[in-house]
There are 2 protein chains.
Amino acid sequence: MAPERAKSSGTPRTRTEKVHHALRNAIIEQRLAPGSRLPEDAIGDSFGTSRTIAREALGRLAVEGLVDLIPNRGAFVANPSLEDGRGIFTVRRALERAMVLELAGKIDAATASRLRDMVGREAALAARNDAEAIRLAGEFHLTLAQLTGNALLLRYVTETVSRCSLVLAMYGRPHSADCGAREHSAIVEALISGKLDEAAALMDQHLAEVASRALLNSRVEKDIREVLSAYAREIDTA
Amino acid sequence: MAPERAKSSGTPRTRTEKVHHALRNAIIEQRLAPGSRLPEDAIGDSFGTSRTIAREALGRLAVEGLVDLIPNRGAFVANPSLEDGRGIFTVRRALERAMVLELAGKIDAATASRLRDMVGREAALAARNDAEAIRLAGEFHLTLAQLTGNALLLRYVTETVSRCSLVLAMYGRPHSADCGAREHSAIVEALISGKLDEAAALMDQHLAEVASRALLNSRVEKDIREVLSAYAREIDTA
DNA sequence: GCGTTCACTATAGCATACAATCCACTAATT
DNA sequence: AATTAGTGGATTGTATGCTATAGTGAACGC
């Protein structure tokens, strides 16, 4: 009667979950431009599955707010307005501020070195690959959320981080990727030395600055199959 | 190429959406007990659709965190632990604090009287009908969220309010309903007179008290595993 | 008597087939 | 020429059937 308490596995086990994650990454990494159509067949073809899987993944992405679903018309990569973007950042700042404060007493030595390590990798990649840098910068925030042990907080931070990536893709300046490493490092050090209020302030400031980089910018659209073929390989090997 | 800007329609148009909404309501209203199995066949039969629809709805509810999906095992109504409950309240406090601060300059005369009116109705009902009072207390928070004009914030506040209701239903004391009216009134007055920081502090305190009243004193353990986990550790070491 | 193994059954995972809907294009009428 | 009605093609919405997997109970060995 009672369900298992072990859940929210890190690795996707079903095809649906794999496609769901792959599509989310594709959107977050800005490989799929906001507003792009996402036909079920094309997605199914790309990942070597049926439309059923693609359709289910799209439905879940719609709940996450990364995809707009229009009945009988299809799915589109979410296309938030500038005002929506500001609202998303507002929510994210509130969440991540709470997140930092929740980390009280949850940073042990092992965790500390793990965080330092992660920030180090970020700094190394900052000037290089865009997609990888974006992913890593997001993962930093996700890791902190995970450390709180608060499942709902993790869920919401995950969603807002994703949506912020999308907003930055639409309105941010081209090379806004290298922003994070130093600021992340400062936050980590504040956390490790137990200065939570300072860490919270730094985080708030960090996100405020990221948000302030919202300016007009447009992107070019590519063929969906071409973009997704790379992601399809990901799930084959899994 | 660009998608419609009209989205998130109020009324569900596809069968999947209808089942999705229906199931969500059923869970939030506790018609489906936490931990209950949700077999695809049974859901399909209940709504007169195929398993496909039920399956899709369950997947979306899983993203929302209202359902746990275990591969090859099935779907279960989420069964938040007491700790989860605390986490939910933490998130809610962060969100509603931000919400109050976002209301700067958005309370005109008409809105002010509308809020006073609403709180007045709450006060009148406080000692009477429980279900109605609970509904009104929730609506107060939802109304404020709506006034911010922030779509994501509204969605998250709506979700957390729902979940808090669920948590209170599981772990809260019977007569924890009569808490709100006076505190709500104080918040409204602070808002109207433009003292946002004071309003935010009041809101934070208000929610903290609701949480502590319900959760801290609760000794009810609905989940056997929770009780036994402490004993299980002893056995492991032996 | 207890534990282990193995077959069985129920249910989820997935693909395919069919039906419904919308859009674009055409053509005819005013 | 513009507008509207109609038709074809493409894409989504839904149901059903097959396959794979995990729990369940019986038979067997210890």
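In what follows, chains are A, B, ... by sequence order, proteins preceding strands, each numbered from 1. Just so you know, these numbers use all the heavy atoms, side chains as well, and skip hydrogens, waters and symmetry mates.
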OP1, OP2 of [N] versus side-chain N and O of [X]: anything below 4.0 Å?
{"X": "B:R55", "N": "C:dA12", "value": "no"}
{"X": "A:R37", "N": "D:dT12", "value": "yes"}
{"X": "B:R15", "N": "D:dT14", "value": "yes"}

Nearest heavy-atom pair of [X] and [Y]: which atoms, and what distance?
{"X": "B:I43", "Y": "B:A54", "answer": "CG2-CB, 3.5 Å"}
{"X": "B:R60", "Y": "A:L69", "answer": "NH2-CD2, 3.8 Å"}
{"X": "A:K106", "Y": "A:T148", "answer": "NZ-O, 2.8 Å"}

Send over the distance from [X] [atom1] to [N] [atom2], rounded to a whole Å.
{"X": "A:L38", "N": "D:dA10", "atom1": "CG", "atom2": "P", "answer": "20 Å"}
{"X": "A:F47", "N": "C:dC14", "atom1": "CZ", "atom2": "C1'", "answer": "16 Å"}
{"X": "A:I53", "N": "D:dT14", "atom1": "CD1", "atom2": "C1'", "answer": "15 Å"}
{"X": "B:R73", "N": "D:dA20", "atom1": "CZ", "atom2": "C1'", "answer": "16 Å"}
{"X": "A:L69", "N": "D:dG13", "atom1": "CG", "atom2": "C1'", "answer": "11 Å"}
{"X": "B:E56", "N": "D:dA15", "atom1": "CD", "atom2": "C1'", "answer": "12 Å"}
{"X": "B:R13", "N": "C:dT21", "atom1": "CZ", "atom2": "C1'", "answer": "11 Å"}
{"X": "A:I70", "N": "D:dG13", "atom1": "CD1", "atom2": "C1'", "answer": "16 Å"}

Heavy atoms under 4.0 Å, any strand shown: does B:R51 hit a base, just sugar-phosphate, or nothing?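 Counting heavy atoms under 4.0 Å across all strands, the contact made by B:R51 includes a base.
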
Quick one: on DNA chain C, does A:G48 or B:E40 contact a more 5' nucleotide (nearest heavy atom)?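 Result of the comparison: B:E40.
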
Once you measure the plane-to-plane angle for A:F140 and A:H184, does it fall in the parallel (<30°), tilted (30-60°) or perpendicular (>60°) bin?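 Taking A:H184 first and then A:F140, their aromatic rings lie parallel (interplane angle under 30°).
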
Side chain of B:T52: nearest nucleotide among D:dT16, D:dA22, D:dG13?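 For B:T52, the side-chain atoms sit closest to D:dT16.
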
When you get a sec, tell me which of C:dG13, D:dT14, C:dA15 is the closest nucleotide to the side chain of A:T14?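 The answer is C:dG13, which lies nearest to the side chain.
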
Taking NZ, NE, NH1 and NH2 as the nitrogens, is one of them in A:E56 or B:R55 under 4.0 Å from a carboxylate oxygen of the other?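 Yes, A:E56 and B:R55 are salt-bridged.
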
